[in-house]
Number of protein chains: 2
Amino acid sequence: MAKVKTRDRILKTSLALFNQEGEAQVSTVEIAGVLDISPGNLYYHFKGKEAIIVALFAEFEEELRQVLSAPIQRPLQIDDNWVFVYIVFEEINDFRFFYYNLTGILERCPELRPRFARLLRLKEETANAILSSLEQEGYLTFAAGERDGLAARIAAHLTFWLQFEALRQGDRGARDVINDGVYAIMMQIAPYFTDGKTAFAELLRDYFASQSR
Amino acid sequence: MAKVKTRDRILKTSLALFNQEGEAQVSTVEIAGVLDISPGNLYYHFKGKEAIIVALFAEFEEELRQVLSAPIQRPLQIDDNWVFVYIVFEEINDFRFFYYNLTGILERCPELRPRFARLLRLKEETANAILSSLEQEGYLTFAAGERDGLAARIAAHLTFWLQFEALRQGDRGARDVINDGVYAIMMQIAPYFTDGKTAFAELLRDYFASQSR
DNA sequence: GTCTATAAATGGATAGAC
DNA sequence: GTCTATCCATTTATAGAC
């Protein structure tokens, strides 16, 4: 099997260290040390820490963009929606270092700011598309403005839920936190179910069935 | 009039700089430079940047704690609740640097972690107390678990809304962002109004009347 | 591609004079 | 209380050998 490229090893290790300790706390020397390569070698592959961050963001952007685009292009099956939300949470969790110290990172890598803003908007559009399709199929009913507001709140929830939970009680596993995050979104949609409790109860059952794999 | 103490000037300037540029981007040398005092002088008053951060947090904690405790001790008048939410947002906005790079700050000032977690819990308890009093007065109706879930989401919303908006579109005034944040909370509570749209419409009108001072 | 060695810059921190 | 001067540690970044 082919040897893993040093460039990729740098990215992988940097991501792990950033997620663990926070990007600001990790120096290029430390990254090189963990990889057992010289700082000079690291600088041969990346001009500096900023370059590493930008490269990691490109990965994140690519993956999240793919995930978020799917439901816009073609409506999901009704109970696939919860799985979808779950996947978004996992993707964000994999690159969570980015959400800590966002101000600092965007300050030092200004080119990422518009790209990050675009991802947020895409989250919101996707949420809106999903709600829309559920509305058209008769599951949900919205008054004027309610759907847009809900979509915005869901986008914010997707973005910051993991951080909120990490602050409230830092000792929980990622799986549990994500499950609670998905559940909270379901609770937030529940009031808009057309036929009240019945349809919601069904979805709830399907969700717990699907996630106990 | 008495001359403003250097200690207080340091705190005030540090807060301003931290909010503007992010705590990680501001050095003690820079703070001293802006204040036109020597680094040595700064170190006479504070052992280092951590000490400044801890002192600023103490201010924040004190103020927010007072604000959040009021509705728990005694229910507010029905339309004071929106004003209350507004005040919480403003308080958070004044110390927003803290919410950027939270990971980094809590890493370096571990004693703040439990205190910060306690503030989050207090936010949630306060939201719950307000919802509870509205429920008892007959304005709101909750099924089992709905009130707790809503309170948690409101706490998260209070904590991260400003950051979310700053990322989505960074060029808006704090006032507008806060108004939208309050409105989003109202929208989130709306589905639980007992008599549907009427009571909510009234509150909406009162809110816009009260905030156009 | 990778290493060693080292430069250059920055930021944190202290001693001692005023 | 405040300043000057200085030191130490860390980090980024580069030059040149292998």
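So that the names make sense, note that chain A is the first sequence line, chain B the second, and so on, each numbered from 1. Quick note: numbers below take in every heavy atom, side chains included, and nothing from hydrogens, waters or symmetry partners.
Counting only heavy atoms from C-beta on, B/Ser38 has its side chain closest to D/dT4 among D/dT4, D/dT2, D/dT12. Of the listed nucleotides (D/dC3, D/dT12, C/dA13), C/dA13 has the atom at the smallest distance from the side chain of B/Pro39.
An OP1 or OP2 oxygen of C/dT14 is reached within less than 4.0 angstrom by no side-chain nitrogen or oxygen of B/Tyr43. Regarding contacts with the backbone of C/dG1, every side-chain N or O of A/Asn41 stays at 4.0 angstrom or more from both OP1 and OP2. The side chain of B/Tyr44 places no N or O atom within less than 4.0 Å of a non-bridging phosphate oxygen (OP1 or OP2) of D/dT2.
When each of B/Leu106, B/Thr103, B/Ile105 is checked for a side-chain contact (heavy atoms from CB on, under 4.5 Å) with A/Tyr100, only B/Thr103 meets the rule.
Note: NE2 (A/His45) to P (D/dT14) measures 16 Å, nearest angstrom. Going from atom CD1 of A/Ile10 over to atom P of C/dG1 covers 11 Å, rounded to whole Å. The distance between atom CD of B/Glu50 and atom C1' of C/dG11, rounded to the nearest whole Å, is 12 Å. Between the CG atom of A/Leu42 and the C1' atom of D/dT11 there is a distance of 12 Å, given to the nearest Å. At whole-Å resolution of the value, CD1 in A/Ile52 and P in D/dT11 are 14 Å apart.
Remark: B/Glu124 does not engage B/Arg121 in a salt bridge, criterion side-chain N to carboxylate O under 4.0 Å. Salt-bridge formation is detected for the pair B/Glu90/B/Arg175: a Lys NZ or Arg NE/NH1/NH2 atom is positioned less than 4.0 Å from an Asp or Glu carboxylate oxygen. Remark: B/Glu23 engages B/Arg108 in a salt bridge, criterion side-chain N to carboxylate O under 4.0 Å.
In this view, A/Thr13 satisfies the side chain to side chain donor-acceptor pair (under 3.5 Å) rule with no residue, not counting sequence neighbours.
B/Phe193 and B/Tyr139 have their aromatic ring centers separated by at least 6.0 angstrom.
The residue A/Gly48 sits close only to the backbone: its heavy atoms come under 4.0 Å of sugar-phosphate atoms, none of a base.
Contacts with DNA chain D (heavy atom under 4.0 Å) in residues 12-37 of chain B: B/Asp36, B/Ile37, listed by number.
Judged by distance alone, the side chain of B/His157 and the main-chain N or O of B/Gly181 form a donor-acceptor pair under 3.5 Å.
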